[in-house]
Amino acid sequence: MVFVTLRRRYPGALWHDYSLIGRELDVYLPNEGIAIEVGSWYQHKGELKADMQKRELCEEKGVRLLTIYNGKVGKGDPRVPADCWFCQQDLFASSALSDKSLRYMIEAILGELGGPSLTLEEWWRAKLDCFKMTLAEKVPSDFYWEDLERARTCA
């Protein structure tokens with residue numbers, strides 16, 4: 001959803017890109033000089049050395065790497081590098097609360113890029129694009145079906 005939403009504003013956005021540092025970046029906005037990684041703190045807290053190497057490689061190329069972890073972390077945890085944001089909600093879950101948290105994170109990214117907030121239409125169109133991808137993968141959930149119906153009435 002992060003990529004799909006940002007790509008609507010930044011058509012040059014790349015998804016799962018290897019071209020910049022030879023390692024995968026979840027989202028890369030070459031014209032804006034920013035890359036975004038989204039993942040689980042539970043999984044990544046044991047891989048911080050690799051995450052820091054990615055960050056250093058990006059910095060060497062003049063690109064800022066913003067990392068968004070979902071999960072709980074202790075305040076002031078020394079393992080947390082700069083430019084890391086945390087969301088206690090599972091950003092990959094199909095729930096209204098996760099959806100709200102995801103939109104908040106995307107709004108924060110847009111704020112970092114100096115862009116205006118998402119319009120309701122942009123949000124629903126990006127969600128519709130994600131729903132189409134979900135349908136193509138044949139794994140729709142009840143939550144997606146309900147939101148798809150809402151998206152159709154807003155579009």
Student: Quick one: which residue pairs count as a side-chain hydrogen bond (donor to acceptor under 3.5 Å, both in side chains) with a foot in residues 21-35, not counting sequence neighbours?
Tutor: His16-Glu24

Student: Can you tell me how far apart CD1 (Ile21) and SG (Cys58) are? Round to the nearest 0.5 Å.
Tutor: 4.0 Å

Student: Search all heavy atoms of Gly12 against all heavy atoms of Pro30 and return the closest pair with its distance.
Tutor: O-CD, 3.5 Å

Student: Are any of the side-chain nitrogens in Arg7 or Asp129 under 4.0 Å away from the carboxylate oxygens of its partner?
Tutor: no

Student: Decide yes or no on side-chain contact (heavy atoms from CB on, under 4.5 Å) for Val63 and Leu57, but give the supporting numbers first.
Tutor: CA-CA 9 Å; Val63 172; Leu57 290 168; over 6 Å; no

Student: Between CG of Leu66 and CZ of Arg55, what distance do you get to the nearest 0.5 Å?
Tutor: 7.5 Å

Student: If I take atom CD1 from residue Ile36 and atom CD1 from residue Ile109, how far apart are they, to the nearest 0.5 angstrom?
Tutor: 4.0 Å

Student: Looking only at heavy atoms, which two atoms of Val4 and Ala126 are closest? And how far apart?
Tutor: CG1-O, 3.6 Å

Student: Could you work out, with ring-ring contact (aromatic ring centres under 6.0 Å, His included) as the rule, every residue matching Phe3, not counting sequence neighbours?
Tutor: Trp15

Student: Are Glu37 and Lys54 close enough for a salt bridge, meaning some N to O gap below 4.0 Å?
Tutor: yes

Student: Minimum heavy-atom separation for Ala13 to Leu29, with atom names?
Tutor: CB-CD2, 3.3 Å

Student: Please tell me if the side chains of Trp124 and Leu118 come closer than 4.5 Å, counting only heavy atoms from C-beta onward.
Tutor: no

Student: Honestly curious: do Tyr104 and Leu120 fall in one hydrophobic cluster under the side-chain, below-4.5 Å linking rule?
Tutor: no

Student: Would you give the length of the straight line joining atom CG of Leu113 to atom CD1 of Ile34, rounded to the nearest 0.5 angstrom?
Tutor: 5.0 Å

Student: What pair of heavy atoms forms the shortest contact from Leu14 to Ser19, and how long is it?
Tutor: CD1-OG, 4.5 Å

Student: Check whether the side chains of Arg103 and Thr5 place a donor and an acceptor atom closer than 3.5 Å, and report yes or no.
Tutor: no

Student: Is the backbone N or O of Pro116 less than 3.5 Å from a side-chain atom of Arg9, with the two atoms forming a donor-acceptor pair by type?
Tutor: yes

Student: To the nearest 0.5 Å, tell me how far Glu112 CD sits from Glu107 CD.
Tutor: 12.5 Å

